[in-house]
Structure formats: C-alpha cells, structure tokens
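Numbering of residues begins at 1 and proceeds along the displayed sequence. We count ligands from 1, going down the list as the structure has it; atoms in each ligand are counted the same way. Nothing here was measured: the structure is a model prediction, and the numbers come from that model.
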Amino acid sequence: MKTSSKTFKNQSTKITLSSTAFMLKRCCCEKNGRVYIFFQSIISLLNVMPTIVSVLIPGLILNELVGNKRINVLSVYVGITIIIPLVHQVINSILTKRLATINLALTVKLKKDFNEYVADMDYETLENPEIQTLRTRVRGTFIQPLNTANKVINLISTIVSFLSISAIIATLNPIIIVVVSSVVLANSLITKKLNIIQYLNGKEISRCDRALLPFQGILVQLVYAKEIRLFNLKEYFTNIILKKEQEINEYRLKDVCNQNVANLGYLLMNLLQNIFMYIYLIYQVLFNSLPIGNMTIYMTSIAQFSGLLSSIFNAYTELSKDSLNIQEMIHFFEISQSTQNFGCETPILNADSIIEFKNVFFKYPGAENYAINNLNIKIELKNRICIVGENGSGKTTFVNLLTRLYAPTKGEILLNNRNINEYDLTKYQELFSTVLQDFCLYELPLSDNIILANASNNYLLNNVLKKTGLYSMIKDLPQKHNTTLGKMVDPEGIIPSGGEAQKIAIARALYRDSPIMILDEPTAALDPLSEHEIYMQFHQMIEEKTAILITHRLSAVQLSDLVIVFRNGEAIEYGTHAELYTREGIYTEMFDKQAQFYRNNPTDSSKNLQ
Ligand code: ADP
C-alpha cells in the first residue's frame, strides 16, 4: 500500500515536472515568449529586495532607537525603506507595460494556432462529443502558456526570498524553521487535497455546462423566438434550463463548502504556530536579553517564512494541478489531426472519369447500425445524377463519404481506379462544390457569403446572382450586395428567408466553380414555384459540370441522366428515369405517390411530374 502511494506521488511529481517543462519549452519556441520570460525574471528577482527590507529595517531602527540613537544611521535606514520600494515600483511599471503587450500579442497568435489546428481536424474526429468537451477544456491552457512561465518564475523568486529569510531565522534557533515548516506542510496538504476535489468537481461542472449550452440562449435568441411563441415553449425550456443549472449549482456549492473546511484547517494550524512563537520569543527577551528590535525582526521573518514556504508549496501544487490540464492538452494534440490526409496525388478529371463505391460499409461513430450497407455503384462523372430515397436511407451519408468528411468503415471508394485516400485531401475536396442541407450563412455582406475564400470576380458574381434569381432580391436591398446577412454585426443587415438563404448557398457553390456540383436537398426550403424554377434553370446553372442532386422530391429526376434509389444504405435501383419507371419497382411506387400528391394539390404547379 505504502509503495503504491509512493509510486503514485513519484508519478505525479514526474507528470508535474514534465508538464511544466513542456509548457516552458512551448513559451521558448516563440520569440515573444522568450522575451517575456527574460523581463518577468528581472521583475520577480527585484521583488526579493522589498521583502528583505521590510523584514530587517523596522527592527534595526528599533534597536538604534533603544541603543545608540545615531541620527545618520537612522537616516540611512529610513532612506533605504523609501528608495528600495520606489526604485522597484518604477522598474516594475516600465516592464509591466512591455510584458502586457507581449502577452496580448502571443495570446492572439496562439488563439489563431489553436483555431487553425481544430479547423484542420477530421470532421469525424471533431464530431465526437468527448473531443468537443476536451476542445473547450484545453483551449485556455493552450493559449496561456505564459501562466506556467509566470508561476515558475514566481516560484524561483519566492525560493530566493525564502532562503534569505531562513538564513535570518537560523541565527535565532534552527528548530523554529522545523516548527514553522511543519505547519506550512500541513496547510499545503490541505490545499493539495482541496485542489484535487475542485478539479474533479470542475470536470463535472464542465460536463453539466456542455449539457446546458444548447439551451442557454434559447429563450432570448432571435432564431428560436418564433417557435418559443408559437409552441408556447417558455415554461418548457425554463424548466429544462433550471434543472440543469440546479445541478451545476450543487457542484458549485460543494466547492464553497470544501473551501470553508479547508479555511478552518488553515486557521487552526496558524493559531498553534503563533502561540508557540510568541511564548518562545517573549521568553528570549525576558530571560536571554534578546534585543527588542531583533524580536521584531524574528517575528516578521517568521511571518514571512511561513508565508513564503506556503507560497512555494502552493505554487508547486498549482503547477501540479495545472499539469492535469496540460496532460489533457497534450492528449488533445496527440489525437490524430487527420486520419485521411495521407495521399499526395493530384486528382484529374476527364470525360471518362468514374467514381466507384466498392463494397462500402459505413457506421457513424458510436452507432449500432450501418448507415451505408454494402454500397456498390459506379458513377460516370460526365452525368447528371439524381439520388433519391426516403429520409434516413443514407443519401447524405453517401455525400459525406464521397467528399471525405468521413472514411468508409469497410470497403473503398475509387476515383479513376485509385482509392480516393491516395489523393491530397484539399485538392480532392476542391473537386466538389457542395450545397449542404445544413449550410451556414455568416454575418458578412451577402456578396462575401457567396465569394468567401475564393478570388473576387465581379463578372462571375453577377453571373451567379442572375442564375440563382438573387439579382432581383439584391436590387431592393439598402446596400445592394454589400448588405450584411443577420443583424448582430450590422443592425441594418437583413435576415434572408429560407428560400433566399438556400439560393445564396447555391450561388456560393456555383461561384466556387468546381467540376462536380453536389446539391443535398437544395430546394427543401423553397416554395414549389421556386423549386420548379431552380430545377428548370439547373441545366444552365451547372453548364458542363457533373451534378449530383440529392432529393426526396422527384420533380428533378427527369432532368438527370442517372437516377439512383437508396434504401437502408443500399443503392437498390439505378438507371434513367424512364428505365426505372417502367420497371415498376420501388422507384415507380415513390414517384407515383408523389405525383398523386401534387395532382391532388390544386395550388401546386409542378406539372412536370405528370
Ligand atoms: P438521408 O440523407 O437519406 O436522410 P442520412 O444519410 O442522413 O439519410 O442518414 C442515414 C442514417 O444515418 C440514419 O439512420 C441517420 O439517423 C444516421 N445518421 C446520420 N448522421 C448521423 C450522425 N452524425 N451520427 C450518427 N448517425 C447518423
């Protein structure tokens, strides 16, 4: 039992030291980090001087007043008490400003590095809820390596002060050092225990915070405002939020209670120490002719000694507490950033290019069933392909695999007879312009929402605005295509309707001008007229490009060269619309059902279904 707790302590010391060294190395990798450490070390070493002055001078003055009463000596003592802190303060203020500038610049750089790292992670990895929690937890540690540097530098300067004070106390009686050290040791053990409990509590609080996050702004955010009112959801969500907040508060209260118990422990220990010291020093003054000034020096030294020793223990415990976060951070950065980006080939498309799904199975992380179940299809990239199927049949998953957001669990996907993983990920993904079902609009001008990271080209922009029917919308906007989407950044911005938003997403994909367009339910938010209009214009829009259109509405199928019918993750039927329809299988059934719906709906205008 003893051995195992010793091993644990050794391990924890090892982890503390290696984590601290890791963070210091990180600081030293950055030029700003090295400059910061240099200046902060100067400030911290200068901190030792006022400490020593405050311990020695009042006692020396007292001895001089009781003894020789020399004015010149007294003047020197007073001069020192004024000048030393003053010089220290001036140097401190000059360097502190410089340090703050360096700190801010470094934090900006590290925030950028962190965001870029996460943006480069595989989507599949990032989607994992545990990774999401880890990401929020480690961000603070990553962007503030100077915290560790500060703690180490302060620790060193505290050790220097501590050794100076110890030397003063040792002239009285070294046993005192042992007594005071024991009290400090007991206090630091209390702190260490408290830190571990607080860390575990903190983990629970993070977990609860994560569960609360999706509900936190629900009652006040505009996106939810309509549904909250129409479905009378105020009380429903208030109760959910209250329950989750109560759980968090219970953990927070636990923290407060534990802190109170610890404070009581500190108080008792310090009381015992003071009683012992006063009895000892008064005895020395009364019976061993210890000068009264020396008694003051020793009392202050002892107070400083325990303070400094506690600071050393606390600084170490802080470093060991931080080491748990640092280990988490190291673990986060060890997660393979990309499981797919091994290839370096450049994909080249030509008229004969073929994408082939060969015995492909895919299961989402943590899911029981396969979302794609032994998929075998060949797609000639010169075609316009329409993928149809009921909800949940695997159409979006097919796009996720095709665009390498996920990798197949089994089987392989080939482009021109080569596994798609052999191609450079970025170059491969450049082949696709995808309109996702859950596309995002950003609080940027409308035109920037379309151009995004591509080169600006007014001709192309106007072209896609016309093709998608956005041109007429823009004409009526206050700042035309410079109008911001959303009202958070610019109160004069607009909130596009579902249909307008979808047109913007389509315009964005067209502007990217990739050889393969993928549209996943591109018209779900459009009214039947606009839907019909978009499909009719679709041929012109995509020009010579390959198009993969995913839809559960069948009004688009007649425009495509190949229709693939998905069911339970399999491509159960494929061929042209005419071939499939005459086969009288699943496709015919689906098509007739929808045609029936439109026929019976007098407001509908999708006559092309008939
Ligand atoms: P479709 O696009 O045809 O509606 P999907 O490809 O979205 O179907 O979904 C196929 C199956 O995979 C469904 O059972 C769905 O619940 C499941 N699924 C989709 N996305 C995820 C995900 N991120 N994690 C776990 N299961 C998912």
Exercise. Quick one: which ligand 1 atoms are inside 4.0 Å of a heavy atom on Glu390?
Worked result: 3 (O)
Exercise. Heavy-atom contacts under 4.0 Å between Glu127 and ligand 1: side chain, backbone, both, or neither?
Worked result: side chain
Exercise. Applying a strict 4.0 Å limit to heavy atoms, is Ala367 in contact with ligand 1?
Worked result: no
Exercise. In chain order, what residues pass the salt bridge (charged side-chain N to carboxylate O under 4.0 Å, His left out) check against Glu589, with sequence neighbours excluded?
Worked result: Lys593
For this session: Could you tell me whether some N/O pair between Thr397 and ligand 1 is separated by less than 3.5 angstrom?
Result: yes
Exercise. For atom 26 (N) of ligand 1, which protein heavy atom lies nearest, and how many Å away is it?
Worked result: Tyr364 CD1, 3.3 Å
For this session: Please confirm whether Phe142 and Tyr117 have ring centers closer than 6.0 angstrom.
Result: no
Exercise. Do the ring planes of Tyr406 and Phe362 sit parallel (below 30°), tilted (30 to 60°) or perpendicular (above 60°)?
Worked result: perpendicular
Exercise. Nearest 0.5 Å, what's the CZ-OG distance between Arg508 and Ser433?
Worked result: 11.0 Å
Exercise. Sub-3.5 Å donor-acceptor pair from the side chain of Asn419 to the main-chain atoms of Glu422, do we have one?
Worked result: no
Exercise. Do Tyr511 and Asn449 have side-chain N/O donor and acceptor atoms under 3.5 Å apart?
Worked result: no
Exercise. What protein heavy atom is closest to atom 14 (O) of ligand 1, reported as residue, atom name and distance in Å?
Worked result: Gly392 O, 4.2 Å
Seminar exercise, completed: Residue set satisfying salt bridge (charged side-chain N to carboxylate O under 4.0 Å, His left out) with Glu127, at least two apart, ordered chain then number -> none
Exercise. Heavy-atom distance from atom 23 (N) of ligand 1 to the protein below 4.0 Å?
Worked result: yes
Exercise. Does a salt bridge link Lys109 with Glu30, judged by any charged N lying under 4.0 Å from a carboxylate O?
Worked result: yes
Exercise. Which is closest to atom 12 (O) of ligand 1 by heavy-atom distance: Ala371, Gly569, Gly389, Pro365?
Worked result: Ala371
Problem set entry | Reported OH-to-CG distance for the pair Tyr471 and Leu461, which is rounded to 0.5 angstrom | 9.0 Å
For this session: Please work out whether any backbone atom (N, CA, C, O) or any side-chain heavy atom from C-beta onward of Ser393 is under 4.0 Å from ligand 1, and answer side chain, backbone, both or neither.
Result: both
Exercise. With atoms numbered from 1 as shown, which atoms in ligand 1 lie under 4.0 angstrom from a non-hydrogen atom of Asn391?
Worked result: 4 (O)
For this session: Starting from atom 7 (O) of ligand 1, locate the nearest protein heavy atom and write down its residue, its atom name and how far away it is, to 0.1 Å.
Result: Thr396 CB, 3.6 Å
Problem set entry | Where ligand 1 meets Lys395 - atom numbers and elements under 4.0 angstrom, heavy-atom basis | 1 (P), 2 (O), 3 (O), 4 (O), 6 (O), 8 (O)
Exercise. Hey, does Glu521 sit under 4.0 Å from ligand 1 if you only count heavy atoms?
Worked result: no
